[in-house]
Amino acid sequence: MTQQDEERTRTAYDTVADLYADTFTATEPEQPLELAMIDHFVTSLGESPRVLDAGCGAGRLLPLLAARGCRPQGVDLSPGMVRRARADHPAYRCTVGSLTDLAFSDDEFDGVLSWYSTIHAPDADLDRVLAEMARVLRPGGHLLLAFQVGEGVRDIGPGFAAHGLRVTLDRYHRSVLEVASRLERLGMPVTARLERGPVGRETDPQAVVIARRPVG
Ligand SMILES: C[S@@+](CC[C@H](N)C(=O)[O-])C[C@H]1O[C@@H](n2cnc3c(N)ncnc32)[C@H](O)[C@@H]1O
């Protein structure tokens, strides 16, 4: 992402952080299907796995991961979101940082979970973000990505205007095939994929893709 892209995303999430954290405190928007994908991901990681919630937002998935036996920690671009993650979920380490340049060592985590955090990365930057996630995974570790399915870019700023918040924020939609192809080109074979239609107030299909970093 260019510095300008990152700055825009950071400013937008700083602006909406309290609304986001107060609206979604746990897994309100998730369906049992995608929660089952998280369960499947966790069972692939071994005993007490260290899991990076990459783009953790206000940290709502950190307790869910811990309840499933993981040792989770979060990283997010937005200091406002990290402030809420630390306040609302003080049991977990959460730091400010970018997915394009993760401040973690190679092979550090058993799992990386990206729950709707690659959706603001322009197409030209997505491979770099995926490569960073793969880099911090140990061989045999798994990466999970959740995202909205579709094509092109949407301006999602107007959705926040109804709450009196003015933000500029783009969301990039992709097909499961495109995301899976990018992962496989990076040497990360896809082990599971889910696509479901929109539910409730959702306007788009949703997807979850899991890939594995090969051993050796
Ligand atoms: C739709 S929110 C999802 C947050 C959280 N995963 C959840 O489900 O509640 C997207 C999050 O990704 C973060 N994000 C977007 N681009 C990022 C980047 N380049 N580096 C780190 N975090 C990023 C945003 O700051 C935001 O908190």
Side-chain angles (χ1 to χ4, degrees), residues 1-31 34-35 37-38 41 51-65 70 72-89 92 94-104 109 111-133 135-136 143-149 153-157 159-160 163 165 167-174 201-204 206-209:
M1 293 167 86
T2 64
Q3 273 198 335
Q4 202 183 10
D5 289 328
E6 284 207 342
E7 192 52 46
R8 194 175 329 127
T9 302
R10 182 185 297 112
T11 301
Y13 276 101
D14 281 349
T15 304
V16 305
D18 287 319
L19 172 70
Y20 197 104
D22 291 340
T23 305
F24 303 118
T25 60
T27 54
E28 294 88 344
E30 277 75 34
Q31 296 296 309
E34 56 256 26
L35 293 177
M37 290 293 276
I38 295 181
F41 164 73
V51 175
L52 179 66
D53 185 346
C56 63
R60 66 192 177 96
L61 294 187
L62 296 168
L64 178 144
L65 291 166
C70 301
Q73 71 181 81
V75 63
D76 198 278
L77 189 63
S78 155
M81 294 295 253
V82 169
R83 169 181 56 78
R84 282 301 301 257
R86 289 175 177 159
D88 297 356
H89 305 290
Y92 310 103
C94 192
T95 50
V96 176
S98 171
L99 302 179
T100 56
D101 190 15
L102 290 169
F104 302 103
F109 294 95
V112 173
L113 175 132
S114 163
W115 201 252
Y116 295 91
S117 62
T118 56
I119 60 176
H120 304 300
D123 287 347
D125 302 317
L126 184 59
D127 286 351
R128 178 170 165 199
V129 167
L130 298 178
E132 268 299 90
M133 293 176 178
R135 178 184 66 76
V136 301
L143 167 63
L144 179 153
L145 299 166
F147 54 94
Q148 289 92 354
V149 174
V153 55
R154 317 268 166 97
D155 171 8
I156 61 167
F160 295 103
H163 300 276
L165 299 173
V167 298
T168 305
L169 187 59
D170 288 336
R171 187 171 77 199
Y172 296 85
H173 287 234
R174 298 170 174 116
R201 300 178 65 185
E202 293 170 352
T203 52
D204 303 285
Q206 314 286 315
V208 181
V209 171

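Each ligand, and each atom within it, is numbered from 1 in the order the structure gives. Heads up: numbering here begins at 1 and tracks the sequence. The figures here come from the full heavy-atom set of this structure, side chains too, leaving out hydrogens, waters and symmetry mates.
Backbone and side-chain nitrogen or oxygen atoms of L77 are examined, and one is located within less than 3.5 angstrom of a nitrogen or oxygen of ligand 1. In terms of polar-atom proximity, V75 is not counted as a contact of ligand 1, lacking any N or O under 3.5 Å from an N or O of the ligand. Polar contact with ligand 1: absent for Y13 (N/O pair, distance under 3.5 Å). Residue contacts with ligand 1: W115 is placed with a nitrogen or oxygen under 3.5 Å of a nitrogen or oxygen of the ligand (distance criterion only). Ligand 1 has no nitrogen or oxygen under 3.5 angstrom from a nitrogen or oxygen of Y116. Taking any N or O of D76, backbone or side chain, at least one lies under 3.5 Å from an N or O belonging to ligand 1. The distance criterion of under 3.5 Å between nitrogen or oxygen atoms is met by L99 with respect to ligand 1.
Heavy atoms of F24 found under 4.0 angstrom from ligand 1: none, in either backbone or side chain.
For ligand 1, the atoms sitting less than 4.0 Å from at least one non-hydrogen atom of G97 are 20 (N), 21 (C), numbered in the order shown with element in parentheses. Atoms of ligand 1 lying under 4.0 Å from at least one heavy atom of S117, given by number and element, are 12 (O), 15 (C), 16 (N). Residue-ligand proximity, R60 to ligand 1, at heavy-atom distances under 4.0 Å covers atoms 7 (C), 8 (O), 9 (O). Every atom of ligand 1 is numbered from 1 in the order shown, and the set under 4.0 Å from a heavy atom of E6 is 19 (N).
The option from A26, G55, G57 that lies nearest to atom 6 (N) of ligand 1, judged by heavy atoms, is G55.
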Exercise. What's the verdict on side chain to side chain contact (heavy atoms under 4.5 Å, CB included) for Y13 and L169, showing C-alpha distance, side-chain angles and the deciding distance?
Worked result: CA-CA 9 Å; Y13 276 101; L169 187 59; 3.7 Å; yes
For this session: Begin from the C-alpha positions of D76 and R84 and carry the test salt bridge (charged side-chain N to carboxylate O under 4.0 Å, His left out) through to its verdict.
Result: CA-CA 11 Å; D76 198 278; R84 282 301 301 257; over 6 Å; no
Problem set entry | L144 vs V208, side chain to side chain contact (heavy atoms under 4.5 Å, CB included): CA-CA, chis, key distance, verdict | CA-CA 7 Å; L144 179 153; V208 181; 3.8 Å; yes
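Here R83 does not pair with D14 in a salt bridge; the nearest charged N to carboxylate O distance is not below 4.0 Å.
Residue T100 places every heavy atom at 4.0 Å or more from ligand 1.
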